[in-house]
Each structure stands twice: as structure tokens, then as C-alpha cells.
Novice: 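Right, I'll just put the structure down here and ask away after.
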There are 2 protein chains.
Amino acid sequence: MVQSLTRERPVQRVAKGEQTRDRIMDIAEASVLEKGFAATSIDEILFEACITKSGFFYHFRDKNDLALALIERFRERNLSIFEENFARADELVEDPLQAFLLGLKLLAEIMAEVQTERPGCLVSTFVFQDQQFDGRVRQMLVDVIQVWCAQFLARLERVAEVHPPRVDIPLADLADMLMTVIDGGIIVSKALQEPQIMARQILAYRTFVRTVFLGT
Amino acid sequence: MVQSLTRERPVQRVAKGEQTRDRIMDIAEASVLEKGFAATSIDEILFEACITKSGFFYHFRDKNDLALALIERFRERNLSIFEENFARADELVEDPLQAFLLGLKLLAEIMAEVQTERPGCLVSTFVFQDQQFDGRVRQMLVDVIQVWCAQFLARLERVAEVHPPRVDIPLADLADMLMTVIDGGIIVSKALQEPQIMARQILAYRTFVRTVFLGT
DNA sequence: CAGGGACTGCACCATGAGTGCGGTTTTCCT
DNA sequence: AGGAAAACCGCACTCATGGTGCAGTCCCTG
């Protein structure tokens, strides 16, 4: 990709405004993951971020706008985390199945870590409170999930070309299942406060995938 | 114990109060599933239930108390739904594996229906907002999940006695996976507004179970 | 040194949770 | 039939939170 050298905003100027905005979002995100969106008070964010109410509303039109910014950022970040993760696996192993299986192992480790330090997931949290938000936010949630599922499916299809599946199951369902297991794993391990469940569930899914393509 | 004749509410009297209480809880539950707990306002409940604020606080000490009552009721109800479901399967089929597989099929149907008319799940919703609640509520969430997982595990162990597993996976993880898939399925199908995903995911899990015990 | 970006300060409003308490109606028991 | 408890209603008030509006300030950059 051709990225022009100085493209967009001269490094320094960005810093100030963007910095504050990011700080607000960091604090908000942590609080949302802990207590949910509605229970996250703006006043509390103000206090932690050491700004005034006017400062907050300078950056965000209202709370819904904050939510939108949070998911947007989340989407960018996590998309690349997933991509990088599986891309790394692709580099290490040639066979698409083995690469996917390795990717799942790496994913299990990463997720276990993430769940330990900050349990929860923005998308899931928002899904359970989505009537508070406007259409843009809800559409974003849909997009995030669909893009992930599509990526997983693409991988599985590549695998199936090399290793014809031995179990009768639609690849689309198998792809969705990873998303399902991740989200479900988040709920269960957050509820029980055992981050390892998340990892074990991804590994269980991995076992399923291996069985589908390699047999018992 | 000596229970005096008239001790404990004479059948009829219960009705009135309990009825109102239930109505409040029904309305609250619907709203919680739609918008989340924090976004569910008491005033709105009052309006729909046609009672006054005093009436509400006569039945519930505060919002947390309402949450507690909601999960408690949810636990009783759903525990029996699951039990009845698998018990019905047990009646129809002898082999524990076949019974479990049938139970999963029935479960898929039931869940798809439930998700259609009222997507979401109280437990999941509360898990994502649990810092608002006191310890009793959180403990209840843990209990509900653990009891279910334990039940699933017990079934799988019975299956394993008859059909030695052909895939190397801890039964406990396989049991947890059902819970995980259900919760994850709820999130995904609620987000995408496609109740069928829930059903398909349970069936995918069913395929996995069959493969584990019967091979490809 | 002008001007815009990034705020602060303050005043003010509506909504929602929750309290307090006295009064009223309904229900049930004897 | 009558009395007591249960199941509310009415109202007044508090405090937290989301949100608006606007004038003024500090500071960086061109």
C-alpha cells in the first residue's frame, strides 16, 4: 500500500485533542466492561479523566456518540488482532488446516490473557443493551460479527479444499461456531471468574475442527 | 414442627399481592431483556403495570431486590424447562447417548422459539452488568451456570460409560461447551436478529457430541 | 500576534432512584 | 358484621445523572 509520507495531521497537533479523547474512551471502555453502558456515568469519567463536563461534550455529542466511537475503535483494533494472529500462524505452518489449528491455539492463549486482565467484550456488552443506541451503533455490531464470521468461513473453505470434511456439518455453521464459542466463553468465564474456561472452550472447538477434517 | 392451623397465608390472600408482584416482574423482565437492567426505569414499569411508586416499593426494597427476584424466578423456571426437556428424551429413547442427542434436538427447537419471541437471556444480561448488583445476585448467577454445567456433565458421564469416547477431550469441557454455545448463540442470534443461528449452533454442538462418542 | 483548537466555569433543566409517611381500599379471619 | 392486616395510593422531597447553553480562557501554530 502506498501511504504518503506526511499524510493527515502533522504529528504534534493531533496529540492534544486526540489524546484526551482517547483517554476518555479508555476510561469509558473499562467502566463499560465492568458495569455496562447505562451504569457508566459521565461524571465518573470526568473525574477519572480530570476534565470538565464541557470538555467531555466538546469531544462527544452525547453518550450514544461515545458508544459509537467505542465500538468503532474496538472494531479496528480487534480485527487486526485476529488477522495478525492467524497471519502469524500462516507464516509458521503451510497446511491451511494446521495453520488454522495453530491460530486457534494462539487465540486461546491471547483470549485467556485478555479475559484475565479485563473480562468482557464490548460487542457482547452492547448487544445486551442495544435498544439504548441508535441504528448506527446497532449496525456496527452486526457488521463486526459478520465480518469475523466471514473471515473464519473463508479459512475453513480453504481448509476443506485440502482436507475434505469427514463429518457432515455446514462450514458456515462451523465458522459461526467459533464466534459463538468466543462470545459464550466470555460470558461463562466472566460469570464464574475463571478466565481459563475461555481458553479451554476455544481448544474444545479446535478439537472439533480437527475431528471434522482429520477424523477421530 | 407444630404449625398452627391457620399459619402461613391462606391460599386466597396470597393471590392479590403475588399477582401484582408477578406482573411487575414480567414487565421488568421484558424490559431488561430488551434494554438491559440499568436502562430499565422504574417509572416505566409503574406505567405499564398501572401502579404507583409506593406500590412498587411495597413489593421490592429497591432495584437490586427486583434483580434478585428476577434471577431467582428465572432459575426455578429454566431449571425445570431443561430438566423436563431431557427427561422427555429419556422416556422416548433408552440409550443415554441417543437420549442426549434427542434432548439437544428438542432444545434447539425450544431455544429457537424462545429467541424468536423474546431474544436474550436474563443470566447473560446480568453478567454483563454485574457490578451494579450485590453479592447475592452475583452468587446466584454463578450457581445457575454451575448447576446447569453439572447436569450436562452428569449426562455425558452416563453416556461415556456405554460409549467410550473416541476423541480426546475432557468431558467437563464438553459439558461446559453446551452452556457456552447456548450463551454465545444467544448473543450472536440476538445481535444479527436471526433466531435460527441459535438452533443451528446447538445442532452443531450435537454433531460434535455424536462424533465424540460414535466417531465419524 | 491573530485565530482556531481545546478546553474551563457556571447556571440551569429533566428524568430517574429512592425515602417518608399518612391515608385509603381490599381481603380475609373470626 | 367487624376488625386487622395486606395491598396499595398521594404527595412532597432529596440526590445523582444526562444534557444544554454560553461566555471566557489558555495555548499552539502559522
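Order of the sequence lines sets the chain letters (A, B, ...), proteins ahead of strands, with each chain counted from 1.
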Novice: Quickly work out the E18(B) CD to dA5(D) P distance and round it to whole Å.
Specialist: 20 Å

Novice: Is the phosphate of dC8(D) approached by Y58(B) (side-chain N or O, under 4.0 Å from OP1 or OP2)?
Specialist: no

Novice: Base, sugar-phosphate, or nothing for R61(A), non-hydrogen atoms under 4.0 angstrom?
Specialist: sugar-phosphate

Novice: With a 3.5 Å distance limit and no angle check, can you tell me whether N64(B) reaches the backbone of D134(B) through a side-chain donor-acceptor pair?
Specialist: yes

Novice: So, the side chain of K53(B) versus the backbone of I42(B): is there a donor-acceptor pair under 3.5 Å, distance only?
Specialist: no

Novice: Rounded to the nearest Å, what distance is computed from the CD1 atom of residue I45(B) to the P atom of nucleotide dG18(C)?
Specialist: 11 Å

Novice: Between I51(B) and T20(B), does a side-chain contact (heavy atoms from CB on, under 4.5 Å) hold up when you go through it step by step?
Specialist: CA-CA 9 Å; I51(B) 49 165; T20(B) 308; 4.2 Å; yes

Novice: Tell me if the side-chain of K53(A) makes a donor-acceptor pair with the base of dG19(D), cut-off 3.5 Å, by modelled atom types.
Specialist: yes

Novice: Ignoring the backbone of F57(A), work out which of dG19(D), dG10(D), dG18(C) is nearest its side chain.
Specialist: dG19(D)

Novice: What is the distance, rounded to the nearest whole Å, between atom CZ of R21(B) and atom C1' of dC8(D)?
Specialist: 15 Å

Novice: Taking the six-membered ring for Trp, are F82(A) and W148(A) parallel (under 30°), tilted (30 to 60°) or perpendicular (over 60°)?
Specialist: tilted

Novice: Check this one for me: any side-chain N or O of H59(B) less than 4.0 Å away from OP1 or OP2 of dA6(D)?
Specialist: no

Novice: Between D62(B) (CG) and dT19(C) (P), how many Å, whole number?
Specialist: 7 Å

Novice: Would you check if the side chain of R75(A) reaches a backbone N or O of V144(A) as a donor-acceptor pair within less than 3.5 Å?
Specialist: no

Novice: Could you state the NZ-P distance from K63(A) to dA14(C), rounded to the nearest angstrom?
Specialist: 20 Å

Novice: Take atom CD of Q132(A) and atom C1' of dG19(D), then tell me their distance rounded to the nearest Å.
Specialist: 16 Å

Novice: Can you tell me how far P of dG18(D) sits from CG of N64(A), to the nearest Å?
Specialist: 14 Å

Novice: Within this structure, what is the CD-to-C1' distance between E44(B) and dA17(C), rounded to whole angstrom?
Specialist: 14 Å

Novice: Go nucleotide by nucleotide along DNA chain D from the 5' end; which of S54(A) and I42(A) gets its closest nucleotide reached first?
Specialist: I42(A)

Novice: Taking the minimum atom-to-atom distance to the side chain of S41(B), which one of dT17(D), dA6(D), dG16(C) wins?
Specialist: dG16(C)

